[in-house]
Amino acid sequence: GYYNTLFLPFDVSHPQDAFGSGTTCYKLSASTDSTVTFTRMGVNESLKANTPYLIYGTFSEAPYTFYNIDFRHQEADFVVTTTLGPITIHGVYKTQKVGGSRAFILYQKGFYACTHLNSMVVEPYKWYLTCNQGNGSKLSLLQIDGETLGIQGLHGAQYKDDSPVYTLQG
């Protein structure tokens, strides 16, 4: 499986019921000048609205159905930010073009800088991160419950259009 970003406009009380019993969720726990850390959540732990998560594992087949939800964002707020130390996570509710920007994205089992990409799209209900102005070159690691992913530049990668690069299934 692959890690995927997740950013929902509503709470989810039992994420494994919605996404599959083989999935695991991770919450943002720390950020330093060089490392962003996510920690594994308990099986009975709920996902909170407008909060960045990682999700990993074997997913149930889409579509995903949620009952009795309360949307917690305004229609005009298609990007919601969360700041922790030197990083800002941008949760998106509308497709965002981040190619050529100072954004970092998670793709499969790697974390990538978007500065050298002509075209990169982040789909709704996902997130990307940016660093404080002087910190972008210092960020080098994404740590997920003890597993470390180095940040890569995607040099030479060229995409033909603005098609989404990843989905909830990777």
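Index from 1, following the sequence. Bear in mind the structure is a predicted one, so any value in this text is a computation, not a measurement.
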query: Residues two or more places apart in sequence or in another chain: which of them pass side chain to side chain donor-acceptor pair (under 3.5 Å) with Thr58?
result: none

- prompt: Of all heavy-atom pairs between Ala103 and Thr130, which one has the smallest distance, and what is that distance?
  reply: CA-CG2, 4.0 Å

task: Heavy atoms only: give me the nearest Thr32-Pro86 pair and the separation to one decimal.
output: O-CG, 3.2 Å

query: Do you reckon Ile69 sits in the same ILVMFWY cluster as Leu8, going by side-chain contacts under 4.5 Å, direct or chained?
result: yes

Side chain to side chain donor-acceptor pair (under 3.5 Å) against Thr88, all qualifying residues, sequence neighbours excluded: Thr83

message: Determine whether Phe66 and Phe10 satisfy the following criterion, ring-ring contact (aromatic ring centres under 6.0 Å, His included), listing intermediate values before the conclusion.
response: CA-CA 10 Å; Phe66 302 94; Phe10 50 84; 4.9 Å; yes

query: When rounded to the nearest 0.5 angstrom, what distance separates CG in Leu84 from CD1 in Ile89?
result: 7.5 Å

message: In the structure I gave you, are the side-chain heavy atoms of Gln96 and Val79 within less than 4.5 Å of one another anywhere?
response: yes

field: side chain to side chain contact (heavy atoms under 4.5 Å, CB included) involving Lys48 - partner list, sequence neighbours excluded
entry: Asp11, Ser46, Thr51, Tyr53

- prompt: Do Tyr3 and Tyr64 belong together in a cluster built from hydrophobic side chains that touch within less than 4.5 Å?
  reply: yes

query: How would you list all residue pairs meeting salt bridge (Lys or Arg N to Asp or Glu O under 4.0 Å) that involve residues 18-30, not counting sequence neighbours?
result: Lys27-Glu45

query: Minimum heavy-atom separation for Arg102 to Cys131, with atom names?
result: NH2-O, 4.5 Å

query: If we only count heavy atoms from C-beta on, is the Tyr26 to Asp145 side-chain gap below 4.5 Å?
result: yes

query: Roughly how far, to the nearest 0.5 Å, is NZ of Lys126 from OG1 of Thr95?
result: 11.0 Å

field: Ser29 (side chain) donor-acceptor with Thr37 (main chain) under 3.5 angstrom
entry: yes

- request: Write down the atom of Phe38, the atom of Leu28, and the distance for their closest heavy-atom approach.
  value: CD2-N, 3.3 Å

Side chains of Leu54 and Trp127 in contact at under 4.5 Å (non-hydrogen atoms): yes

query: How about Asn4 and Leu6: do any of their side-chain heavy atoms sit closer than 4.5 Å?
result: no

- prompt: Under the side-chain contact (heavy atoms from CB on, under 4.5 Å) criterion, do Met41 and Leu47 qualify, and how do the steps go?
  reply: CA-CA 9 Å; Met41 297 174 63; Leu47 303 181; 3.8 Å; yes

- prompt: So do the side chains of Val92 and Phe78 get within less than 4.5 Å of each other, counting heavy atoms only?
  reply: no

What side-chain donor-acceptor pairs closer than 3.5 Å can you find for residues 13-25, not counting sequence neighbours?
{"from": "Gln16", "atom 1": "NE2", "to": "Thr23", "atom 2": "O", "distance (Å)": "3.3"}
{"from": "Thr23", "atom 1": "OG1", "to": "Gly20", "atom 2": "O", "distance (Å)": "2.6"}
{"from": "Thr24", "atom 1": "OG1", "to": "Arg40", "atom 2": "NH2", "distance (Å)": "3.4"}

task: Assign the ring pair Tyr93 / Phe7 to parallel, tilted or perpendicular, where the plane angle (0 to 90°) is split at 30° and 60°.
output: tilted

statement: Scanning both residues in full, the closest heavy-atom pair of Met120 with Ile105 reads SD-CD1, 3.5 Å

- prompt: Is there a side-chain contact between Phe111 and Leu129 (heavy atoms, below 4.5 Å)?
  reply: yes

